[in-house]
Chemist: 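Below is one structure. I have some questions about it.
FYI, side chains are in, hydrogens and waters are out, and symmetry mates aren't considered; it's all heavy atoms of this structure. Just so it is clear: chains get the letters A, B, ... in the order the sequence lines come, proteins before strands, and each one is counted from 1.
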Amino acid sequence: MNQRRSRTKFTEDQLKILIKAFDQNPYPGYATKQRLALEVNTDESRIQIWFQNRRARHQCQKKSEPDEDLESGQDQDHSEEEIPSREDRRCRTSYSSSQLHILIEAFTNNPYPGIDTREQLAKEIGLPESRVQIWFQNRRSRFHVQRKREPDDQDSEQRQDQDQALWDEGVQDPTNRPTGCLCTSLDSG
DNA sequence: GCTAATCTAATCAGACACGGTCTGATTAGCCCATTAGC
């Protein structure tokens, strides 16, 4: 349960393509990511993750090698003016009430679904697994925020304590994510 | 050990209804996010 997706192993050729694209623009838009996905024969979401990780490593390297770029004259293209392309985002996914019903029910059962569960849900609602993953990320995030803002009434305090215990257990031990009922008024919509 | 996968938190931005809220998409992570497979 809660298993991870199996690791993607990029070939040398695939990496060449990705690295070249990264050097040109470390913040590719959706269209570019889709094109790259086709080119290296993988999913667009894997391309997104690869760029995320690459940027993180790149930042680390830049910190550990200060001013080297200036001397070598390399990597001048990764300067501050390169901001993510806001015009080239993926179009917003709009969920139907039945799709939301399925997702909310799944979230209530387990806010940290593994890859199998996510893929099953994706199949069920007819959307890519990556959208399910993002939906759960946003849902968890807003659940945390909402809980911090909850009114101070007694009942909700008690319920919060119970939920908090369940949630914290899972958060502290990633192998034991909470599966208890995490009721939330986020469902109001 | 390297790096793909995953996480939280913050932020941007579209949709709906007409100013603000909700929520999907994207990003950073800072003594340099953490976890875990190969």
Chemist: Would you say B:dT8 has OP1 or OP2 under 4.0 Å from some side-chain N or O of A:Arg140?
Modeler: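 Answer is yes, contact under 4.0 Å.
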Chemist: Does the side chain of A:Ser94 get closer than 4.0 angstrom to OP1 or OP2 of B:dA15 through an N or O atom?
Modeler: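 So the side-chain polar atoms of A:Ser94 never come under 4.0 Å of the phosphate oxygens OP1 or OP2 of B:dA15.
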Chemist: Do A:Glu12 and A:Lys16 sit within salt-bridge range, that is, some charged N less than 4.0 Å from a carboxylate O?
Modeler: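 No.
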Chemist: Can you find a donor-acceptor N/O pair under 3.5 angstrom joining the side chain of A:Arg7 to the base of B:dT3?
Modeler: yes
Chemist: Minimum heavy-atom separation for A:Arg118 to A:Pro113, with atom names?
Modeler: NH1-O, 3.1 Å
Chemist: Under a 3.5 Å cut-off for both contacts, is B:dG24 paired Watson-Crick or G-U wobble with anything, and if yes, with which nucleotide?
Modeler: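 Paired with B:dC12.
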Chemist: Please tell me which of the listed nucleotides, B:dT3, B:dA5, B:dA25, lies nearest to the side chain of A:Tyr95?
Modeler: B:dA25
Chemist: Using only heavy-atom distances, determine whether the side chains of A:Asp43 and A:Ser45 contain a donor-acceptor pair under 3.5 Å.
Modeler: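 Side chains of A:Asp43 and A:Ser45: pair found under 3.5 Å.
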Chemist: Between A:Gln48 and B:dT26, is there a side-chain N or O to OP1/OP2 distance below 4.0 Å?
Modeler: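 Checking A:Gln48 against B:dT26: at least one side-chain N or O falls below 4.0 Å of OP1 or OP2.
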Chemist: So does A:Arg5 get a side-chain nitrogen or oxygen closer than 4.0 Å to the phosphate oxygens (OP1/OP2) of B:dT6?
Modeler: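 For B:dT6, OP1/OP2 do have a side-chain N/O of A:Arg5 under 4.0 Å.
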Chemist: Starting the side chain at C-beta, find the nucleotide from B:dG14, B:dT27, B:dT8 nearest to A:Arg92.
Modeler: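 For A:Arg92, the side-chain atoms sit closest to B:dG14.
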Chemist: Mind checking if A:Gln52 touches a base, just sugar-phosphate, or nothing, with heavy atoms under 4.0 Å?
Modeler: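 Base contact - A:Gln52 has a heavy atom under 4.0 Å of at least one base atom.
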Chemist: Is the backbone of A:Val40 close enough, under 3.5 Å, to the side chain of A:Gln14 for a donor and an acceptor to pair up by distance?
Modeler: yes
Chemist: Give none if B:dT34 has no partner; otherwise give the nucleotide forming a Watson-Crick or G-U wobble pair with it, both distances under 3.5 Å.
Modeler: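 B:dA5 - that is the nucleotide pairing with B:dT34, both distances being under 3.5 Å.
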Chemist: Is A:Arg131 near enough to B:dA25 that one of its side-chain N or O atoms lies under 4.0 angstrom from OP1 or OP2?
Modeler: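 Result: yes.
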Chemist: On DNA chain B, compare the nucleotides closest to A:Ser130 and A:Thr8; which residue's is nearer the 5' end?
Modeler: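 Looking at DNA chain B, the more 5' nearest nucleotide goes with A:Thr8.
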Chemist: Heavy atoms from C-beta onward define the side chain here; which of B:dT26, B:dT6, B:dG24 lies closest to that of A:Arg118?
Modeler: B:dT6
Chemist: OP1 or OP2 of B:dG37 versus the side-chain N and O atoms of A:Arg4: is any pair under 4.0 Å?
Modeler: no
Chemist: On the nucleotide B:dG24, are OP1 or OP2 found under 4.0 Å from the side-chain N or O atoms that A:Trp135 carries?
Modeler: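 Yes, A:Trp135 has a side-chain N/O under 4.0 Å of OP1/OP2 on B:dG24.
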Chemist: Can you tell which of B:dA4, B:dA25, B:dT8 lies closest to the side chain of A:Arg142?
Modeler: B:dA25
Chemist: Could you give the CZ-to-P distance, from A:Arg54 to B:dT27, as a whole number of Å?
Modeler: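 Checked: the CZ to P distance equals 16 Å.
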Chemist: Less than 4.0 Å between a side-chain N and a carboxylate O, is that true for A:Arg90 and A:Glu44?
Modeler: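 Looking at A:Glu44 and A:Arg90, the cut-off is met.
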Chemist: Write down the distance separating the C1' atoms in B:dT27 and B:dT6, rounded off to the nearest Å.
Modeler: 15 Å
Chemist: Which nucleotide, B:dC7, B:dA28, B:dA13, lies nearest any side-chain atom of A:Arg55?
Modeler: B:dA28
Chemist: Report yes if at least one side-chain N or O of A:Tyr30 is closer than 4.0 Å to OP1 or OP2 of B:dG24; otherwise report no.
Modeler: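 The answer is no; no side-chain N or O of A:Tyr30 sits under 4.0 Å from OP1 or OP2.
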